[in-house]
Q: 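Please find one structure pasted underneath; my questions will follow.
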Amino acid sequence: MFARWKPAAINTRPLEWSRAAIGMALGTLFSVWFCAQVFGMPVAVHLIGPLGASAVLLFAVSSGALAQPWSILGGYLCAAVMALLVAQVLGRSLGSACLAAGMAVVLMCWLRCLHPPAGAVALTLVLADPDSIALGWLELGPVMLAAASLLASALAYNNLTRTRYPKGPSEPPAVLVPSSAADSLAITAADLKLALEEMEEFFDVTPEDLEQLVHASEAHARRRSIGQVLASAPEPHP
């Protein structure tokens, strides 16, 4: 049981850590500064927690589904709408803040824009500072402006530092060994770990998860192949 608590290896070099750290710091600074120019520093600083968490995803694990553009924009919008709605109906309390965060998660899952820091956005807006409360529904403005400016920072910085962002389906899929290959050529978690190390990027997935995915895909392909063989077999004559 305790072995499960062992942290997964980070398959990147210290140079990549530094690249992500600098981007995270600059992106958060720019988004808060830009939001403060429009809505004031108290409102912008109140959002710095969620923005810092989002910056970790956008700059350190930009290949993950949780860090893609629709994830942050849609996630922040869902969280803000739910938070302001709950605050108007149920008031501003710890219970209503937690309820808003939970409802935001459901909405984000439904709209396929799950973004963990958006949960903090919901909590932050319900338990807001006086300057943010005074904005009412106009609080959507600073939230989306901060999210958009952070996203713009990630788009510029990641691509300038040769890290493709956003990651899309246009990238060629990995070539897997067919199930009919020899056992010595079967893909294992160790092989996947080496492949991740060679790519030198952060990925929010473990080699063990990838191994399970490969094996599941092989099983589906095997069943599909058997089904095709049975369908093409001639029917026996009476």
Side-chain angles (χ1 to χ4, degrees), residues 20-21 23-36 38-155 157-158 165-166 202 204:
M24 184 267 181
L26 293 177
T28 306
L29 176 63
F30 173 73
S31 60
V32 174
W33 173 83
F34 189 48
C35 184
V38 181
F39 296 97
M41 186 59 73
V43 174
V45 170
H46 195 66
L47 298 172
I48 196 171
L51 289 172
S54 295
V56 174
L57 290 176
L58 269 63
F59 292 95
V61 284
S62 59
S63 61
L66 304 180
Q68 299 310 301
W70 171 237
S71 177
I72 180 173
L73 294 179
Y76 272 52
L77 180 61
C78 292
V81 170
M82 283 299 175
L84 295 174
L85 181 62
V86 169
Q88 185 176 22
V89 175
L90 300 178
R92 299 178 181 274
S93 65
L94 178 60
S96 59
C98 295
L99 176 63
M103 293 173 64
V105 170
V106 174
L107 185 57
M108 285 187 287
C109 290
W110 182 54
L111 295 177
R112 296 187 295 179
C113 58
L114 185 63
H115 188 67
V121 173
L123 295 170
T124 299
L125 292 190
V126 175
L127 303 176
D129 63 298
D131 295 272
S132 299
I133 293 176
L135 291 174
W137 280 95
L138 295 179
E139 179 70 4
L140 285 171
V143 170
M144 297 312 299
L145 179 62
S149 57
L150 182 62
L151 175 59
S153 302
L155 288 168
Y157 182 84
N158 285 335
Y165 179 79
F202 287 97
D204 56 345

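We use all heavy atoms of the structure for the numbers below, so side chains are in, but hydrogens, waters and symmetry mates are not. Just so it is clear, the model here is predicted, and its values are computed rather than measured.
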Q: Search all heavy atoms of R92 against all heavy atoms of V126 and return the closest pair with its distance.
A: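 Scanning both residues completely, I find the closest heavy atoms to be NH1-O, 3.0 Å.
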Q: State, to 0.1 Å, how close M24 and G52 come at their nearest heavy-atom pair, and which atoms those are.
A: CE-O, 3.4 Å
Q: Taking the side chain as every heavy atom from C-beta outward, state whether V121 and L51 have any atom pair closer than 4.5 Å.
A: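 The answer is no, as the side chains (C-beta and beyond) never meet within the 4.5 Å cut-off.
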Q: So which atom in V32 and which in A44 form the shortest heavy-atom distance, rounded to 0.1 Å?
A: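 Result for this residue pair: O-CB, 3.5 Å.
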Q: For G23, is there any backbone N or O sitting under 3.5 Å from a side-chain donor or acceptor partner on N158?
A: no
Q: Please, which pairs that meet side chain to side chain donor-acceptor pair (under 3.5 Å) have at least one residue in residues 23-34, sequence neighbours excluded?
A: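 Non-adjacent pairs meeting side chain to side chain donor-acceptor pair (under 3.5 Å): zero.
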Q: Taking only residues two or more places apart in sequence or in another chain, which ones pass ring pair (Phe, Tyr, Trp, His ring centres under 6.0 Å) with F34?
A: F30
Q: So, for L57 and P116, which heavy atoms are closest and what is the spacing to 0.1 Å?
A: CD1-CD, 4.1 Å
Q: For F39 and D131, what are the C-alpha separation, side-chain angles and deciding distance, and is it a side chain to side chain contact (heavy atoms under 4.5 Å, CB included)?
A: CA-CA 9 Å; F39 296 97; D131 295 272; over 6 Å; no
Q: Pairs of donor and acceptor atoms involving the side chains of residues 106-115, under 3.5 Å and at least two apart or interchain, shall be tabulated with distances.
A:
{"from": "H115", "atom 1": "ND1", "to": "L66", "atom 2": "O", "distance (Å)": "2.8"}
{"from": "H115", "atom 1": "ND1", "to": "S71", "atom 2": "OG", "distance (Å)": "3.4"}
{"from": "H115", "atom 1": "NE2", "to": "S54", "atom 2": "OG", "distance (Å)": "2.8"}

Q: Which heavy-atom pair separates P117 from P50 by the least distance, and what is that distance?
A: CB-O, 3.6 Å
Q: To the nearest 0.5 Å, what is the distance between CG (L125) and CG (L47)?
A: 6.5 Å
Q: For residues 93-103, which residue pairs pass the side chain to side chain donor-acceptor pair (under 3.5 Å) check, not counting sequence neighbours?
A: S93-S96
Q: The criterion is ring pair (Phe, Tyr, Trp, His ring centres under 6.0 Å); which residues satisfy it with Y157, sequence neighbours excluded?
A: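 For Y157 the ring pair (Phe, Tyr, Trp, His ring centres under 6.0 Å) partners, ignoring immediate neighbours, are F59.
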Q: Are the side chain of Y76 and the backbone N or O of A148 linked by a donor-acceptor pair below 3.5 Å?
A: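 The answer is no, because no donor-acceptor pair under 3.5 Å joins these two groups.
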Q: Is any side-chain heavy atom of P166 closer than 4.5 Å to one of L155?
A: yes
Q: For H46 versus A128, what's the shortest heavy-atom pair and its separation?
A: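 Minimum heavy-atom separation between H46 and A128: NE2-CA, 3.2 Å.
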Q: With a 4.5 Å heavy-atom cut-off, do S132 and T124 have their side chains touching?
A: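 Side chain of S132 against side chain of T124, heavy atoms only: no contact under 4.5 Å found.
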Q: Show me, pair by pair, the donor-acceptor contacts under 3.5 angstrom made by side chains of residues 136-147, not counting sequence neighbours?
A:
{"from": "W137", "atom 1": "NE1", "to": "Q88", "atom 2": "OE1", "distance (Å)": "3.1"}

Q: When rounded to the nearest 0.5 angstrom, what distance separates CG in L150 from CD1 in I72?
A: 4.5 Å
Q: Report the distance from atom SG of C98 to atom CE of M103, rounding to the nearest 0.5 Å.
A: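 If we round to the nearest 0.5 Å, C98:SG and M103:CE are 13.5 Å apart.
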